[in-house]
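Here is the structure we will look at, set down as structure tokens.
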Amino acid sequence: MIQKYEMNFGEKTTLIFTAQSRKIDERFRLTIPKKLRDDFSIHSGTMLKIKTGNKQLILEKVENEKEISSVLSQQIDAAIVEKLPK
């Protein structure tokens, strides 16, 4: 069962989120629970963006082809920068 949490930030902003612990396996993979996969229509081949900040990883579903191109381009750029001499 997925626990839901709700936080209110005034009249116009309410944040509802779920929290579950997951262990990364020996090949550094993370399994997304079936309920969440179903709720967000995540299937094999679905692309997710990973955002970081404030000691958090945030997964966000990529919705369209233009956004997929942008994400891939950013990943390629990051890989190139990583290979540059420091």
Side-chain angles (χ1 to χ4, degrees):
M1 174 144 185
I2 297 173
Q3 178 72 38
K4 278 194 176 181
Y5 299 90
E6 183 173 328
M7 297 178 77
N8 294 304
F9 300 96
E11 292 179 17
K12 295 184 179 181
T13 307
T14 299
L15 174 64
I16 297 174
F17 62 96
T18 61
Q20 286 192 11
S21 296
R22 287 286 176 242
K23 187 174 183 179
I24 304 294
D25 73 11
E26 66 281 348
R27 293 182 66 194
F28 302 100
R29 295 177 297 198
L30 173 70
T31 300
I32 299 171
K34 182 173 180 357
K35 171 84 169 106
L36 292 176
R37 292 192 315 262
D38 291 345
D39 287 351
F40 289 92
S41 298
I42 296 172
H43 309 284
S44 177
T46 298
M47 182 168 286
L48 301 173
K49 288 190 287 188
I50 301 173
K51 295 181 178 183
T52 61
N54 198 22
K55 296 186 180 183
Q56 296 178 335
L57 291 176
I58 300 168
L59 301 178
E60 188 174 306
K61 185 176 173 184
V62 176
E63 295 291 346
N64 60 53
E65 288 183 30
K66 185 175 181 181
E67 194 174 359
I68 290 172
S69 277
S70 173
V71 170
L72 290 175
S73 175
Q74 290 171 12
Q75 290 174 344
I76 291 168
D77 290 348
I80 292 170
V81 168
E82 190 175 294
K83 297 289 182 188
L84 292 174
K86 299 185 185 211

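Position 1 is the first residue of the sequence; numbering continues from there. Excluded from the calculations below are hydrogen atoms, water molecules and symmetry mates; all remaining heavy atoms, backbone and side chain alike, are included.
- Here Ile80 sits in one hydrophobic cluster together with Ile76; the rule is ILVMFWY side chains under 4.5 Å apart, joined directly or through other members.
- Linking Ile, Leu, Val, Met, Phe, Trp and Tyr whenever their side-chain heavy atoms come within less than 4.5 Å puts Phe40 and Leu48 in one cluster.
- Applying side-chain contact (heavy atoms from CB on, under 4.5 Å) to Lys35 and the options Ile32, Asp39, Asp38 leaves one that passes, Asp39.
- Residue Ile50 places its CD1 atom among 12 or fewer non-hydrogen atoms of other residues, nucleotides or ligands, all under 6.0 Å distant.
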